[in-house]
Amino acid sequence: MSELTESTIWRTLQSHFEQIKPLHMRNMFADDPARFERFSLHLDDLLFDFSKNRITGETIKLLCELAEHCDLADWIEKMFRGDAINHTEQRAVLHTALRNQNNNKIEVENQDVMPEVRAMLDKMRLFSEQIRSRHWRGYTNQPITDVVNIGVGGSDLGPLMASEALHSYALHDLKLHFVSNVDENHIGDTLESLKPETTLFIIASKSFTTQDTLVNARTARRWFLKRADDNAAIGKHFIAVSNNIEAAVEFGIHEDNIFKMWDWVGGRYSMWSAVGLSIAISIGMDNFEQMLKGAYQMDEHFRTTPFEQNIPVILALLGIWYNNFFNSQTYAILPYDQHLRYLPDYLRQADMESNGKRIDRNGHLVNYNTGPVAFGQLGITGQHAFYQLMHQGTKLIPADIIAPITNWQCIRSHHRVLMANVFAQTEAFMRGKTEQEAKAELEAEGVSAELMEVLLPNKIFPGNKPTNTILFNTLDPVSLGRLIAMYEHKFFVQGIIWNINSFDQWGVELGKQLAKTVLDELDGPEPTSAHDSSTNGLINYYKKMRPSNEPE
Ligand code: G6Q
């Protein structure tokens, strides 16, 4: 039995859950006109409304006691000061150092990391300004018009999400492209419209050993050299972001063109580092630094605010409430802003790779649910697709609804409709529609008694579906940084409560290892018998059916 589920506070929460379970939020709102004020928090213009949750004041109090029981405050300090809390890789977890705005030292093995971080930011500034101002010239003396980030997972999703989110700040005659899939169609389609003379490749790989990325990088180099026909020209067109300088140099990238990463930055937490170089090139370093400032603002809030008013802590505890007590297996991330379209993908990795663990920090199998299945899409798109299941299906799917109050263009006829959907959906999820209400509606439509009998049960919405609503003024570098840092800390808090290591990823490493072994077998002509009958059968079928004249 685990210490967590055996603890008094866990048991108290369990019996508290039995009291809360039958209550309907509709009645909670009717009974307490101040519920919104009571259950919402602010950080500058960010409003976090968590009143549409199946909670009372007692729930929050008990959940905060759970956080105290799990020594959350100590763990927060351990992370920020650089203790090796990623114990399976014996590493510090210091993405917060990348956006640190104060003059305090942050030490890893007695070495202050801040001078190196600042040097990296300076190097990013210099380089991104050279590209943006067209001082950096390609091998035919033309300026760069296209930047291709080649990377995967943590070396792709952050820059992809953030550069799309901050698209309104982008330099529009400089286009960003992202290639992550080793399927040749991805790089093939991307290169189709590009010219080697004006293209810059950023090979982003912390390890510089990830097969997908290296295969794509080699294809890019071949494509480039076919036209340039001069290895020296690579210096003007290939940049690397990596912790493995040796491998990047061996690939042919000049040492001056390598931006360093550190082993204390996890891939999925690395968009604040030089992995974000493509973001900086697109929006400019001043804006990139505003994004760091926004994240730092959330870091400070997280580090210094009592749990009951602490946005990431409350967000995390609500997740625990549904995951571990209501036994809901999933939750939805639903942004109502076109430019946040990659946010659900980004957060899905950050959450599921961090908290998809079943072994606790003491090496034991856990006996409770850990990380949920995170999914999502633009809210408006989801409304016309999967919200049906959320409203009337058999699963409880809590949701985060995220919306900026205004945007770059903010055309009234569009934006008001958008916001009307935000408010109407959160209300509908909470209230539902009672039998009486549904009946009154059908009667008003004049449906026959016969049809009423058929329709009525289908027109009832149970409601009582929890949502958090997150509003902020506009999607800009500061608000984006703040939003992402909020979620990072949410996942951290949940990992602490579940007593798991949120910062390793052995499942990802397994994929990398397995693919290498099978690749050797695919190269030889003879059938394989090294696996189970299904895997052998699939490999051998592939070998038999593949074209014999595949180009390299
Ligand atoms: C992130 C993961 C994973 C990683 C990719 C790419 O936290 O570890 O998504 O970012 O596998 O790894 P490289 O950057 O080493 O190529």
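Both counts, for ligands and for their atoms, begin at 1 and track the order of listing.
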Heavy atoms only: give me the nearest [X]-[Y] pair and the separation to one decimal.
X: Y269; Y: A350; result: OH-O, 4.1 Å
X: N100; Y: Y296; result: OD1-CE1, 3.6 Å
X: A204; Y: N149; result: CB-OD1, 3.9 Å

Checklist entry - Which pairs count as salt bridge (Lys or Arg N to Asp or Glu O under 4.0 Å) when at least one residue sits in residues 326-343, sequence neighbours excluded? => result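 Passing the test, one end in residues 326-343: E164-R341.
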Item to check | Under-4.0 Å salt bridge between K512 and D212 | outcome: no
Checklist entry - Are F307 and F302 close enough that their ring centres sit under 6.0 Å apart? => result no
Next on the checklist: So if I only count non-hydrogen atoms and take anything under 4.0 Å from ligand 1, which residues does that give, chain by chain?
Outcome noted: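 Contacts of ligand 1 under 4.0 Å: V152, G153, G154, S155, S205, K206, S207, T210, G267, R268, Q349, E353, Q505, V508, K512.
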